[in-house]
Amino acid sequence: FALGFGPALIQKQGEIGGFLNTAWTSNLLISLFASLLLVIFSPNIVTVIFKSQEAILPVLIMISVILISGFNNVAVVRYLKEIRLNRIFIYNVLPKVISLPIIIGLAFLYRSYWALIIGIIIEYIIRCLISYLIYPYKPKFEFNYPKFKELYSFGGWLQLKNITNWLAGYIDVGFVGNMLSAEVLGFYNRAQTLAKIPQNQISGIVNTISFPLYSKLISDRGKLQKAFTATSDLVLIIIMPIIAVTIIFGKQIVFIVLGNQWLYLTRTFQILIISFSIESFVFSFYPLLRALGYPKLEFVFQISKVIVLLIILYPLIKFYGIFGAGLAVLTSVLLVTPFMLYKIKTISKLSFRNIIESIIICLLGLVVVLPIRFISNKLDLSVGFTFIGILILLTTYFSLIFLVFFITRMGPGENIISSIKTICNIPKEDKGENI
């Protein structure tokens with residue numbers, strides 16, 4: 001239900017101080033509304049879809065994080081707008097760092113999922129407190145309709161996108177929970193959670209940096225093109241090795257992270273991480289759409305994915321179980337992505353030539369390292385063998401990428417080298433401030 005006022009304030013040119021009270025008040029009211037709505041309907045949703053009375057109380061308590069987040073200091077958006085990475089890091093990471101040992105301690109002490117629930121609530125409380133400590137702004141309960149309307153004309157599409165994004169992310173879980181057993185749902189949930197880790201990290205970093213950067217460069221198409229190509233290259237150079245490592249060492253990763261009893265979910269984990277990696281690449285284009293003032297297309301992409309999932313989830317789960325659910329997610333992404341990329345190119349009028357070259361070269365690198373899979377199948381599931389195998393894979397992959405660049409001057413190699421040089425040349429006092 002988030003109103004999307006943070007991105008709206010970042011995209012807005014000029015001083016935003018006059019909009020902060022209205023934005024804070026609106027976020028608080030929507031949090032109250034969402035919490036009330038979920039308190040009313042969650043018990044029925046949990047009972048009907050997941051067929052579990054035991055989950056009702058945890059769900060009701062977890063709803064408190066929505067209300068807590070409504071009190072966050074909206075003025076922190078200034079640091080996002082200015083790309084003040086040190087402040088953003090404190091705001092995003094410190095609550096997790098503090099809550100993690102609490103979760104681990106409670107888990108060892110009580111051996112219960114309540115450790116996760118309590119830890120997450122503590123994380124949200126800490127984040128709310130930190131938002132006021134790092135930016136001493138005291139918001140007032142003030143609602144100005146013209147200002148609300150101006151912000152919502154941009155953020156409203158992001159609100160719709162958030163709702164459909166939730167549906168796209170959990171509709172497969174709903175189908176699996178309803179059609180299969182609770183035990184199988186547990187396997188699928190673990191596969192999905194593990195597979196989403198890279199996507200969450202990539203999308204978070206790209207959105208944090210690229211959106212305010214694109215907003216600043218919107219009047220300079222040359223610099224915008226350069227920044228856009230560099231961002232796409234860097235995302236590609238991350239997701240392709242992730243796909244390669246997952247395809248080749250998926251079994252070992254599941255064994256090391258979750259244990260032998262979870263090996264059943266390996267194929268599902270592999271297909272889901274391929275899906276989410278492709279989605280991460282598409283999501284890296286979203287900041288450009290927002291900077292250009294087209295958040296509507298984010299909603300269009302997500303609702304299209306939901307429609308495809310609704311059509312194909314039932315038959316694929318019926319015939320292939322949880323692997324069918326993963327196959328449905330991948331199919332929906334593959335069907336919708338080409339249309340999305342075409343629309344972005346049409347609207348932005350930016351060149352995609354270098355990006356297409358980078359995709360081809362990265363795919364070539366993926367094909368070259370795939371034979372390592374035959375070796376990995378014969379390896380022990382130990383951490384040592386897996387680490388050595390992944391190290392060989394990554395060395396081979398990146399060597400090929402740079403070799404192609406030095407020979408042809410094509411591919412993501414140039415932007416990787418430029419990024420490394422830029423980071424190395426940042427003056428000490430600027431690191432973490434305006435990177």
Side-chain angles (χ1 to χ4, degrees), residues 4 6-14 80-83 150-161 164-165 202-203 205-240 277-305 333-363 405 408-419 422:
L9 289 168
I10 292 173
Q11 195 265 351
K12 186 173 180 57
Q13 303 298 311
L80 292 168
K81 193 177 179 71
E82 298 165 8
I83 323 180
E150 185 175 342
L151 292 175
Y152 196 67
S153 63
F154 182 93
W157 289 111
L158 297 180
Q159 183 185 40
L160 288 173
K161 189 268 294 186
T164 51
N165 189 45
I202 294 169
S203 298
I205 294 170
V206 170
N207 278 320
T208 300
I209 298 174
S210 297
F211 177 39
L213 178 62
Y214 292 160
S215 297
K216 289 178 181 294
L217 299 177
I218 203 69
S219 59
D220 189 331
R221 286 292 165 142
K223 290 183 178 179
L224 182 62
Q225 174 75 66
K226 189 174 181 180
F228 174 62
T229 304
T231 301
S232 301
D233 279 354
L234 292 172
V235 172
L236 274 173
I237 207 69
I238 294 171
I239 66 171
M240 285 300 184
S277 296
I278 296 171
E279 222 174 27
S280 296
F281 180 64
V282 178
F283 286 172
S284 71
F285 291 76
Y286 282 3
L288 177 64
L289 289 175
R290 294 182 189 181
L292 292 169
Y294 289 92
K296 178 181 178 180
L297 272 181
E298 295 183 45
F299 165 70
V300 171
F301 176 76
Q302 292 304 127
I303 196 66
S304 301
K305 182 183 173 184
V333 173
L334 291 176
L335 288 177
V336 176
T337 295
F339 164 76
M340 187 66 181
L341 296 181
Y342 171 76
K343 291 296 292 183
I344 293 171
K345 185 180 186 306
T346 303
I347 290 170
S348 67
K349 295 182 173 59
L350 295 177
S351 172
F352 274 54
R353 178 180 175 180
N354 291 337
I355 295 173
I356 293 172
E357 289 175 355
S358 295
I359 292 173
I360 293 171
I361 292 169
C362 287
L363 286 173
F405 167 68
T408 66
R409 294 294 165 180
M410 294 168 59
E414 180 179 5
N415 281 312
I416 298 170
I417 294 170
S418 297
S419 298
T422 301

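We number each residue from 1, following the sequence as shown.
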query: Can you find a pair of side-chain heavy atoms, one from Val235 and one from Phe283, that are under 4.5 Å apart?
result: no
field: Nearest-0.5 Å distance, CZ of residue Arg221 to OG of residue Ser351
entry: 12.5 Å
- request: Start with the C-alpha distance between Leu289 and Met340, add both sets of side-chain angles, then the distance that settles side chain to side chain contact (heavy atoms under 4.5 Å, CB included), and finish with yes or no.
  value: CA-CA 11 Å; Leu289 289 175; Met340 187 66 181; 3.5 Å; yes
- prompt: Nearest 0.5 Å, what's the OH-CZ distance between Tyr294 and Phe154?
  reply: 12.0 Å
Heavy-atom closest contact (Leu158 atom, Pro295 atom, distance): CD2-CB, 3.7 Å
- prompt: To the nearest 0.5 Å, how far apart are CD in Gln159 and OH in Tyr152?
  reply: 3.5 Å
- request: Before giving the answer on ring-ring contact (aromatic ring centres under 6.0 Å, His included), spell out for Tyr342 and Phe352 the whole-Å C-alpha distance, their side-chain angles and the decisive distance to 0.1 Å.
  value: CA-CA 10 Å; Tyr342 171 76; Phe352 274 54; over 10 Å; no
Smallest separation among heavy atoms of Lys345 and Leu350, with atom names: CG-O, 4.0 Å
query: How long is the gap from CD1 on Ile361 to CD1 on Ile356, to the nearest 0.5 Å?
result: 12.0 Å
message: Could you work out, with salt bridge (charged side-chain N to carboxylate O under 4.0 Å, His left out) as the rule, every residue matching Glu298, not counting sequence neighbours?
response: Lys161, Arg290
field: Donor-acceptor pair, side chain of Ser284 and main chain of Phe281, under 3.5 angstrom
entry: yes
- request: Could you give me the CA-CA distance, side-chain angles and deciding distance for Phe339 and Val300, then say whether side chain to side chain contact (heavy atoms under 4.5 Å, CB included) is met?
  value: CA-CA 10 Å; Phe339 164 76; Val300 171; 4.1 Å; yes
query: Counting only heavy atoms not in Arg353, do more than 12 fall under 6.0 Å of its CZ?
result: no
- line: residues 222-233 vs side-chain hydrogen bond (donor to acceptor under 3.5 Å, both in side chains), sequence neighbours excluded, gives Tyr214-Thr231, Gln225-Thr229, Asp233-Ser358, Asp233-Asn415
Nearest-0.5 Å distance, CG of residue Leu334 to NZ of residue Lys305: 10.5 Å
task: Begin with the C-alpha distance, continue with both residues' side-chain angles, and end with the deciding distance and a verdict on side chain to side chain contact (heavy atoms under 4.5 Å, CB included) for Leu297 and Tyr286.
output: CA-CA 9 Å; Leu297 272 181; Tyr286 282 3; over 6 Å; no
query: Going through the distances and angles, do Leu224 and Leu288 end up as a side chain to side chain contact (heavy atoms under 4.5 Å, CB included)?
result: CA-CA 9 Å; Leu224 182 62; Leu288 177 64; 4.1 Å; yes
field: Lys81 atom NZ, neighbour heavy-atom count above 12 within 6.0 Å
entry: yes
Nearest-0.5 Å distance, CG of residue Leu80 to CD1 of residue Ile10: 4.5 Å
statement: Here the pair of heavy atoms bringing Ala291 nearest to Gln11 is O-NE2, 3.6 Å
